[in-house]
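Worksheet for the structure shown next.
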Amino acid sequence: GGTFAGGAFTHTIAGNWDASGGGTFTNTGTTIEFDGTGNVSAEIFNDLTNTSGTRTLSGGLTVAAFNHNGGTFAIGSQTVQATGASDINSTVTISTGTLDCDGDFDATGGSLTFSGAGLIQLAGATITNLGTLTSTVGTVEYNRAGIQTIFSDNYFNLILNGSGNKTAGAALNIDGNFSITAGTFVGGAYTHTVAGDWTGTGGFTNTGTSIEFDGTGNVSAEVFNNITISSGTRTATGVIDVDGNITLSGGTFAGGAFTH
């Protein structure tokens, strides 16, 4: 029981943070710096900094500012909601949990490592860098209520959500599924590769854009500029309208009972 009023200070903790016994934390103006290996129970922090060791979550966290400058921050199956900016310069690991970042995001020099069907949600206006991103499992979702630039990287699953234009900053490589759930994907004058399903319930501005399908998956009804099918079986689940060229350089196009 009891209450820890942190005040406008930076407190450093090398071991565990355990609030599971029913105590409370008043975090106004407080920065907590973890500088060793330990666990963290469910908590609401103001500024949270990790500088060394392995910090393992045993409950969900809400933080106003997330700064990960050293060691490993192990989210596991928990949820971290960062309501402000996130600056990641070291390793974050996620199995089936969620890193939900509402502010600007920069993982330059860091690593975002999935080991399962985890999720990173990015709602900030500025996504500077995703560091070293696992592209064999896991999902990244851009979900700002407004315009965003999609950072050019190798993704596994990529979801575009929220309102406004989601504009590719350069070529995207998607080794899993690509979903345009809401908003409009502005592809730009790039060639984007998609290995898994293409699901488009949002908009797609295709001017100058080429899409290469390089794996087996479905493609929903869509208006494309240029398409290349280079491997796998690509199955249409709706009418495909290609304003430019369709190139079958490998694999199979299963058109279905549609007029394309």
Side-chain angles (χ1 to χ4, degrees), residues 94-96 98 112-122 127 130 132-143 148-162 165-260:
I94 305 171
S95 58
T96 57
T98 298
L112 303 173
T113 304
F114 290 107
S115 61
L119 173 65
I120 296 174
Q121 294 176 304
L122 302 172
I127 311 302
L130 298 181
T132 301
L133 175 67
T134 301
S135 61
T136 55
V137 69
T139 299
V140 176
E141 178 182 4
Y142 289 79
N143 64 345
Q148 284 181 296
T149 298
I150 309 306
F151 183 73
S152 174
D153 213 326
N154 296 324
Y155 296 87
F156 186 63
N157 296 324
L158 177 62
I159 298 173
L160 306 185
N161 208 343
N165 288 343
K166 312 299 180 187
T167 302
L172 307 175
N173 182 57
I174 302 162
D175 290 331
N177 299 325
F178 181 44
S179 301
I180 310 170
T181 303
T184 298
F185 174 48
V186 181
Y190 306 108
T191 297
H192 308 294
T193 58
V194 179
D197 293 343
W198 173 294
T199 304
T201 55
F204 175 33
T205 300
N206 68 21
T207 305
T209 307
S210 295
I211 302 297
E212 178 183 348
F213 292 111
D214 62 349
T216 293
N218 297 329
V219 55
S220 62
E222 190 62 88
V223 180
F224 293 96
N225 181 37
N226 298 318
I227 289 178
T228 297
I229 298 174
S230 60
S231 64
T233 298
R234 184 60 40 179
T235 302
T237 59
V239 174
I240 308 301
D241 186 348
V242 181
D243 292 338
N245 300 319
I246 181 168
T247 302
L248 304 177
S249 62
T252 300
F253 175 49
F258 306 104
T259 299
H260 306 293

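Residue numbers run from 1 in the order of the sequence given. Heavy atoms only: backbone and side chains are in, while hydrogens, waters and symmetry mates are out.
Legend: residues meeting side-chain contact (heavy atoms from CB on, under 4.5 Å) with Thr191, ordered by chain and number and at least two apart, are Ser210, Glu212. By the side-chain contact (heavy atoms from CB on, under 4.5 Å) test, Ser220 pairs with Trp198, Thr237, sequence neighbours left out. In this structure, the side-chain contact (heavy atoms from CB on, under 4.5 Å) partners of Ser115, at least two apart in sequence or on a different chain, are Ser95. By the side-chain contact (heavy atoms from CB on, under 4.5 Å) test, Ala189 is found to be paired with no residue, residues two or more places apart in sequence or in another chain being considered.
From Phe156, atom CZ reaches atom CG of Leu133 across 11.5 Å, with rounding to the nearest 0.5 Å. Put simply, CG on Leu112 and OG1 on Thr134 are 8.0 Å apart, with the number rounded to the nearest 0.5 Å.
For the pair Phe114 and Thr139, the tightest heavy-atom approach, listed with the atom from each and the gap, is CZ-O, 3.6 Å. The heavy-atom pair separating Val223 from Phe204 by the smallest distance is O-CD2, 3.4 Å. In plain terms, the two heavy atoms of Gly187 and Ala168 that are nearest each other are O-CB, 3.7 Å. Across Tyr155 and Ile150, no two heavy atoms sit closer than the pair OH-CG2, 4.0 Å. The two atoms that bring Gln148 and Leu122 nearest to each other are NE2-O, 3.1 Å, heavy atoms only. Across every non-hydrogen atom of Ala171 and Ser152, the tightest pair is O-OG, 2.6 Å.
Looking only at distances, a side-chain donor or acceptor of Arg234 sits under 3.5 Å from a matching main-chain atom of Gly215. In this structure, Asn143 contributes its side chain and Asn161 its backbone to no donor-acceptor pair below 3.5 Å. Put simply, the side chain of Thr216 never gets that close to the backbone of Gly196: no donor and acceptor are under 3.5 Å apart. Side chain of Ser231 to main chain of Gly251: no donor-acceptor pair is present (N/O by atom type, distance under 3.5 Å, no hydrogens or angles). Tyr142 places no side-chain N or O within 3.5 Å of a backbone atom of Gly162 that could act as its donor or acceptor partner.
Note on residues 240-260: no pairs pass side-chain hydrogen bond (donor to acceptor under 3.5 Å, both in side chains), not counting sequence neighbours. For residues 170-185, every residue pair satisfying the side-chain hydrogen bond (donor to acceptor under 3.5 Å, both in side chains) rule, not counting sequence neighbours, is listed here: Asn154-Asn173, Asn173-Asp175, Asn173-Thr193.
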Show your working on side chain to side chain contact (heavy atoms under 4.5 Å, CB included) between Thr209 and His192 and close with a plain yes or no. CA-CA 8 Å; Thr209 307; His192 308 294; 3.6 Å; yes

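When each of Thr167, Leu172, Asn206, Thr205 is checked for a side-chain contact (heavy atoms from CB on, under 4.5 Å) with Phe185, only Leu172 meets the rule.
Gln121 has its side chain within reach of Thr98: a pair of non-hydrogen atoms, C-beta onward, lies under 4.5 Å apart. Between Ile229 and Ile227 the shortest side-chain heavy-atom distance falls below 4.5 Å. Residues Phe224 and Ile240 meet the side-chain proximity criterion, which asks for heavy atoms closer than 4.5 Å.
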